[in-house]
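Since the structure comes first, as structure tokens, the remarks are kept for the end.
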Number of protein chains: 2
Amino acid sequence: MGRATESEWRDADGKALTDYPRPSVAVDVAVLTVQTGRLHVLVVGRPRGGLALPGSFLRPGERLADAAERALSTKAGLVGADFHQLAMFDAPDRDDRGWVLSMAHGATLPREQLPSDAELVRLDGRVASEPLAFDHADMVSRAVDDLRARYARRVDPSDLLPDSFTVLELRRLYETVFDRSLPKDSFRRLVIDAIEPTGRMSSSGAGRPAELFRRRGDDELPAGAAGLLTD
Amino acid sequence: MGRATESEWRDADGKALTDYPRPSVAVDVAVLTVQTGRLHVLVVGRPRGGLALPGSFLRPGERLADAAERALSTKAGLVGADFHQLAMFDAPDRDDRGWVLSMAHGATLPREQLPSDAELVRLDGRVASEPLAFDHADMVSRAVDDLRARYARRVDPSDLLPDSFTVLELRRLYETVFDRSLPKDSFRRLVIDAIEPTGRMSSSGAGRPAELFRRRGDDELPAGAAGLLTD
DNA sequence: CTAATAGTGTCTTTCAGACATTATCCT
DNA sequence: AGGATAATGTCTGAAAGACACTATTAG
């Protein structure tokens, strides 16, 4: 809806549409991270027990992404995540406090940027390994779908890896995100043109040192990458 | 947000969160169709001139998809479209009547199911060829993205073609949706295993009659299809 | 017959996938 | 040297893309 004349404010009965009761609008955020080679989602304990995604009500004039950021900083001390809208959950009875719509958001952060005492729930594939309150489990699955779609298009767009990384580290990350093993050489050929050598070498333990690469912000993965990854 | 204790209804100042002013929530719908080999979007004229997507305010207890359907039946006499959430447009100043969030939806219908006097705006690629009110042009582009993503996964999931169709008709449809020409033989090989022969033949004018196929609801296109189509 | 369109066979190139080989570190 | 891991080269099979060829209709 854009701007409109007064007439558009009234329905067929002449009732002003803004006189109808309005819903409360909330945001919930599924913060995904990688720990010990598995995807995890950040949750918060609920007062009466049980687990839920961090969330908040939208305040007057606030944007959804700002409410999501505020929810994360208030409930988990996090800043600097980038949020992606997933879907609006709108079942009228989803919240017994009344009519509350919730915009689900996905965000992704490396484990180090989460508080060390953050409560994490492991994911098996795209589903949480523990029950979450209400429709939050669906939100988590949607967040994984979104994460995979973004990682199929670009190389580590959410900076889960540090600035420089080896191809092996990148492949392990992708195996975690897509929950499948990826062939070493095909994967290298897939990504090699979308990353940039730093010239430096990794000084990990034994064996030949691996070359360190950095992301190349602009470059997209080839269009057929989705096939390789999601096959 | 799920159910919560009373404490979660109050913010740090003890103010009840439901006492905050709430936004109006609207839905807008980008109905896409194919006419003369081009994508078009259904628009409605605005009282003071200009074009906009059909939309409506959300009524108490109503679901977003129901509001979208109501908007379409009221403003364009349409029923039976399936709606897909695209994104919530939430700029606080996007509507000068006040604080109005709008959930953009995409829908797709064959031209025959639209009123013959429906106002259609042609698309050039993913952008409308005429200016639309406010953020509605962005909504249209998102609708095209969504349409392409769905058509890359399944064969004509929105039933733009009739129950039975030839491979040529299907290819012309895909060329329209993806706005690029597709090789005749590669396209046939891509889709042939995801459609079902009816045994009947098309009796179009000259030349060898083409076999008629039908959709096979369950079957997905191969994962690499996105590469072929969006290359 | 010719014109027109549908459908298939074939060749080349590309690339995934598997495997082997070489390269470069460590102890 | 020997072990370990990185990186690359090679082969095969599958599939895209281009092209030509065959098949089947109308007139």
Side-chain angles (χ1 to χ4, degrees), chain A residues 37 148 151-153 155 161-162 164-175 178-214 216 219-231, chain B residues 37 151-153 155 161-162 164-175 178-214 219-231:
Chain A
R148 288 179 179 171
Y151 270 68
R153 281 192 298 267
V155 174
L161 292 177
S164 67
F165 49 84
T166 67
V167 176
L168 174 60
E169 291 167 335
L170 185 62
R171 180 162 55 91
R172 296 256 183 270
L173 171 61
Y174 270 77
E175 290 180 334
F178 289 92
D179 195 33
R180 66 178 299 242
S181 80
L182 295 168
K184 163 192 165 96
D185 33 18
S186 294
F187 181 80
R188 167 175 270 263
R189 282 192 291 247
L190 177 70
V191 300
I192 198 64
D193 287 331
I195 57 182
E196 200 172 29
T198 64
R200 292 181 300 118
M201 293 289 173
S202 123
S203 45
S204 61
R208 171 174 172 178
E211 193 170 5
L212 286 170
F213 294 85
R214 69 172 67 91
R216 201 159 57 184
D219 245 21
E220 305 232 328
L221 253 14
L228 237 187
L229 299 168
T230 70
D231 171 76
Chain B
Y151 271 68
R153 281 191 299 268
V155 173
L161 292 177
S164 67
F165 49 84
T166 67
V167 176
L168 174 60
E169 290 167 335
L170 185 62
R171 180 161 55 90
R172 295 255 182 272
L173 172 61
Y174 270 76
E175 289 180 335
F178 288 92
D179 195 33
R180 65 178 299 239
S181 79
L182 296 168
K184 163 194 163 101
D185 34 19
S186 293
F187 181 80
R188 166 175 270 264
R189 281 192 289 249
L190 177 72
V191 301
I192 198 65
D193 287 331
I195 56 181
E196 200 173 30
T198 64
R200 290 180 303 117
M201 293 290 174
S202 123
S203 45
S204 63
R208 172 174 169 177
E211 192 170 5
L212 286 169
F213 294 85
R214 67 173 69 91
D219 245 21
E220 305 232 327
L221 252 17
L228 237 186
L229 298 168
T230 71
D231 173 81

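Naming convention: chains lettered A, B, ... in sequence-line order (proteins, then strands); numbering from 1 in each chain.
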(message) How long is the straight-line distance from CG of A:L170 back to CG of A:L161, given to the nearest 0.5 Å?
(response) 6.0 Å
Report each atom pair, protein N/O against N/O of nucleotides 2-5 of chain C, whose distance is under 3.5 angstrom.
{"from": "C:dT5", "atom 1": "O2", "to": "B:R208", "atom 2": "N", "distance (Å)": "3.1"}

(request) With ring-ring contact (aromatic ring centres under 6.0 Å, His included) as the test, would you mind laying out the steps for A:Y174 and A:Y151 before giving the verdict? (result) CA-CA 8 Å; A:Y174 270 77; A:Y151 270 68; 5.5 Å; yes
(request) Round to a whole Å and report the spacing from CZ of A:R200 to P of C:dC25. (result) 16 Å
(request) Determine, for B:R172 against B:E169, whether the closest basic-nitrogen to carboxylate-oxygen distance falls under 4.0 angstrom. (result) no
(message) Can you measure B:F165 atom CZ to C:dA6 atom P for me and round it to whole angstrom units?
(response) 15 Å
(message) Output the rounded distance in Å from CG (B:L221) to C1' (D:dA15).
(response) 15 Å
(message) How close do A:L182 and A:L228 get, counting heavy atoms only, and between which atoms?
(response) CD2-O, 4.1 Å
(request) Quickly work out the A:I195 CD1 to D:dA6 P distance and round it to whole Å. (result) 14 Å
(request) Working to the nearest 0.5 Å, report the span between CZ of A:R171 and OG1 of A:T166. (result) 9.5 Å
(request) Take the protein atom NZ of B:K184 and the nucleotide atom C1' of D:dT22, then report the distance between them rounded to whole Å. (result) 12 Å
(message) Return the CD1 to CD distance between B:I195 and B:E211, rounded to the nearest 0.5 Å.
(response) 8.5 Å
(request) List the atom of A:T198, the atom of A:F213, and the distance in Å for their closest heavy-atom pair. (result) CG2-C, 3.7 Å
(message) So for atom CZ, which belongs to A:R200, do other residues, nucleotides or ligands contribute more than 12 heavy atoms lying within a distance under 6.0 Å?
(response) no
(request) Look at B:R153 together with B:E220 and state whether they make a salt bridge at an N to O cut-off of under 4.0 Å. (result) no
(request) Return the value, rounded to whole Å, for the distance between atom CG of A:L170 and atom C1' of D:dA6. (result) 15 Å
(message) Near DNA chain C, counting only heavy atoms under 4.0 Å, which residues of residues 185-194 of chain B show up?
(response) B:D185, B:R188, B:R189
(request) Round to a whole Å and report the spacing from CG of A:L229 to P of C:dA16. (result) 10 Å
(request) Would you mind reading off the distance between A:M201 atom CE and C:dC26 atom C1', rounded to a whole angstrom? (result) 16 Å
